[in-house]
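Heads up: the structure comes next, in structure tokens.
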2 protein chains.
Amino acid sequence: MTYQTIPNWLMKRADLTPDRIAISAPSGVLTFRQLHEQALGLAEKCVSLGIRKSDMTAILASNSLEMVIFIHAMKYIGAKTLLLNTRLTSHEMRFQLEDAGVKTLLVNEDFLHTAKEAQVYLDIKIHTFKEVMQTSKQTFDWIKEFQLDNIDTIMYTSGTTGNPKGVMQTYGNHWWSAVGSALNLGLQDKDAWLCTVPLFHISGLSILMRGIIYGMKVVLHEKFDPSLANRAIKEEGITIASVVTAMLSRMLDDLGDEAYPSHFRCMLLGGGPAPLPVLERCSDLNIPVYQTYGMTETASQIVTLPPEYSLTKLGSAGKPLFPCEVQIQTRQGEKAEAKQPGEIVVKGPNVTEGYLNRPEATNEALQNGWFHTGDIGYLDEEGFLYVLDRRSDLIISGGENVYPAEIESVLLSHPLIIDAGVTGMEDEKWGQIPCAFLVKQKGAFLTEEEVKHYCLERLAKYKVPHHIYFVDGLPRNASNKLVRRQLPLLLEKYVGKQDEH
Amino acid sequence: MTYQTIPNWLMKRADLTPDRIAISAPSGVLTFRQLHEQALGLAEKCVSLGIRKSDMTAILASNSLEMVIFIHAMKYIGAKTLLLNTRLTSHEMRFQLEDAGVKTLLVNEDFLHTAKEAQVYLDIKIHTFKEVMQTSKQTFDWIKEFQLDNIDTIMYTSGTTGNPKGVMQTYGNHWWSAVGSALNLGLQDKDAWLCTVPLFHISGLSILMRGIIYGMKVVLHEKFDPSLANRAIKEEGITIASVVTAMLSRMLDDLGDEAYPSHFRCMLLGGGPAPLPVLERCSDLNIPVYQTYGMTETASQIVTLPPEYSLTKLGSAGKPLFPCEVQIQTRQGEKAEAKQPGEIVVKGPNVTEGYLNRPEATNEALQNGWFHTGDIGYLDEEGFLYVLDRRSDLIISGGENVYPAEIESVLLSHPLIIDAGVTGMEDEKWGQIPCAFLVKQKGAFLTEEEVKHYCLERLAKYKVPHHIYFVDGLPRNASNKLVRRQLPLLLEKYVGKQDEH
């Protein structure tokens, strides 16, 4: 068994296609040669500030050309990169920094305040992007070959336990994800991929990786704006864009009855099945929608539905990419029959090797090479995947994964709250929004506003419950475990009540 | 370190794109679903005849739909496949069968006679294709996942030693070769690859592998015919074709001044640098020529020159494919400077892990992950590879590799020949043809015709020297080693003499 190495991707691109555009962002455009030179130059500055091979380094920034160069610079050093969600509170950030053993935090000036709050008393150096850029360079023996087994990036995700876990993404995971996507979508000379999703999410980062591996232009937006996204498709030769349903709806609203130019060949739609009206609208406008199913642990899409099936296989996420496999397992751990629901388990070289410093969680999730997603679904007779429930209780709000257990543990830390249950509620704008059912201490005085305020200090805004319902008790099973799947029923009751008012 | 597995490629294709055409051959057309079903059905017949997982099985056939199904059937069983060159004599074939430890030889009726001659007294079962097809099926637990490290195919190649060696090609070698090619050439919905080169050569087999991995139509010709090849490009939607210079010249002659349709996007040209007039002719006709450098040990192309450089970088083989690396090493084993000639060494996941049962030859060829090609070349300042001498003495005749040492050892086995040296001579039709210089025993009577006849019994026809020159002595160095690179000078002298007559 030989270990697989591949030449440093950006270095290789700078050699093969130096003058093609690598990245186009509001603050500038770089060819592959320029991006390579800037990443290497920046790496030399980071080394001069003490960042070393195998160090755990965190990056905290929103999408920008600078952030892209920083992400690549870490690969030249061989440092592992924790990508921090900018919407986290300092509380949440601190947990990730400590848990991952971060030595240096590289931060865009905008987030310096939060970064400092998160780092108080921790032995972590903070450098702002500007500070790094003004440092003098120190030459070093930079990484010319990537070892596919080495960890490249870490992204945190929560599960049913409430404690976020660091998903390890190797160079190989990113590589195979990019290759699997190319074998599915093809690869054309004129391809250009629009990235309006955050680079600290796998949906964004995977676009960056594909750009380098394919030699393809990536058009990067600082944040999602439907009319800017539409304009990029129409005027900047975009052929592929990654979106979630909420984004697609807003783009369609902005678009009106206009069609996209014919070079636009793929709207890659993640984050849960799209509603029929949206798909029909796309079909009317000849927008080729590829629905996908994927997660941080699979380095982006692992199952995709080509547009020719989007209406006939309505609600399906499609079939596993070429190097990947999907199975449905019954509670007894057996392979389910067609149409029989069970846990979705996936396999493939793009699947993570586990969670950072969490051997138990890793062993639980990865069994015989199969990753247990916790999501419920079934395969039809033709092998198309239908996702019934994402991680049984996962809330997807505006493309962000929201884990009820994480919110509940914050709610339960409030001295006046004795029980809490969180569930998702349908929402036109965000897809879903989190809502909480609370049991107060007897006679305690606690308002909805107070609870929200308490959460806001401890949770990223998108995780804070939009609605709070005070109840007398929560559905619990014999072993006193919260039966979260009964909460939506409770919700119907309460929302019904509200409507009556 | 996890072992990499990928779903059985053809099975996966039959799931993802069942109704696309997989292969179009003179005797029929099969979709991916049909090819999968036929390969599986044939595998069940082979199992019923006793072929088992990990068995070494040989296939002896010329290009045909049947041969394709047999090649795939072996992968369903998990048997290793030795692909035999149909032009070998029974002598040569016997050597390979014994050396590889073949248990079963599957042969197309046309070659049954040679096969039987080759197998005399060996413990090898022979089954004709027809015989296998008429056998009843036996269900078995067929291979649903390929292990990338497992050996898939074996192809023999000679070196400087004269003894052919079996190159081990793993599933991973073929996979990475296909992926590297896609990242270079792109991958389009309408792609169709023309295969007029033998499937028992890596140039042909690699097209078959790409077809399955990409979900792309392969148009298979039984043998190369310039006008049939041109017709396929014009009428069957061919977008890519693999050729060697001699084939390309004949296609250009047949083409006249007509251009290919615009969908034809790549003429992949292997087997040595193309002469300027051929490239200029292609440039005039807007034929996009990608020159390549590769070998059996690299599972086809490893270095490619895109058409935009074909005239400005005349004579160059290009740059290494994305997952691959090329270096020039001096005699001292150091990395050469730009423009400094030395041995071409290559690295990449498409490179063989060695020669079957030849640990010494393997260790000599593979050092620190670098494969020593034995070819001489240099890199220019921009990193473009120029091949100066293929394996210093390799003769490429009509796309077939001819190794002087192998011919010399046959010549030396003749009782009246006491010394022999073989070299290549330029030839308009074949590119090069082998010629021999012989030293006879004193006073012996031996004619050119007798020598050729002797060779014909022992060597494939394309290896038999076209011209025989009897000389008094051969150039040898201090340690009495034949200085083969001085033979071309001798050739000039002799051919000059002939012309004077």
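Side-chain atoms are counted along with the backbone in the values below, which use heavy atoms only and exclude waters and symmetry mates. Residue numbers start from 1 in every chain, and the chains themselves are labelled A, B, ... in the order their sequence lines are given, proteins ahead of strands.
You'll find the side chain of B:E145 reaches within 4.5 Å of the side chain of A:K347, heavy atoms only.
Remark: side-chain polar atoms of B:K12 are not paired, donor with acceptor, to backbone N or O of A:E325 under 3.5 angstrom.
Options A:P7, A:P323, A:P349, A:G318 differ in how many heavy-atom pairs under 4.5 Å they form with chain B, and the most are formed by A:P7. Taking chain A as the reference chain and counting heavy-atom pairs below 4.5 Å, the highest number among B:G172, B:G215, B:A178, B:C324 is found for B:C324.
Relative orientation of the A:W175 and B:W176 rings is parallel, given thresholds of 30° and 60° on the angle between their planes.
Of the two parts of B:L148, only the side chain, counted from C-beta on, holds a non-hydrogen atom closer than 4.5 Å to a non-hydrogen atom of chain A. Using a 4.5 Å cut-off between heavy atoms, B:L366 makes no contact with chain A at all. Residue A:P306: no heavy atom, backbone or side chain, is found under 4.5 Å from chain B.
Around CD of B:E337, the count of heavy atoms belonging to other residues, nucleotides or ligands within 6.0 Å does not exceed 12. By the 6.0 Å contact criterion, CG on A:D380 is enclosed, its count of non-hydrogen atoms from other residues, nucleotides or ligands being greater than 12. The number of heavy atoms from other shown groups lying within 6.0 Å of CD (B:E308) is above 12. The environment of NZ in B:K144 is crowded: more than 12 heavy-atom neighbours from other residues, nucleotides or ligands sit within 6.0 Å. No more than 12 heavy atoms of other residues, nucleotides or ligands sit less than 6.0 Å from atom CG of A:D189.
One distance of note links CD1 of B:I212 with CZ of A:F322; it measures 8.0 Å at 0.5 Å rounding. For the atom pair CE (B:M216) and CG (A:L183), the distance works out to 11.0 Å, reported to the nearest 0.5 Å.
Shortest non-hydrogen contact noted between B:L16 and A:K319 is CD2-CB, 3.7 Å.
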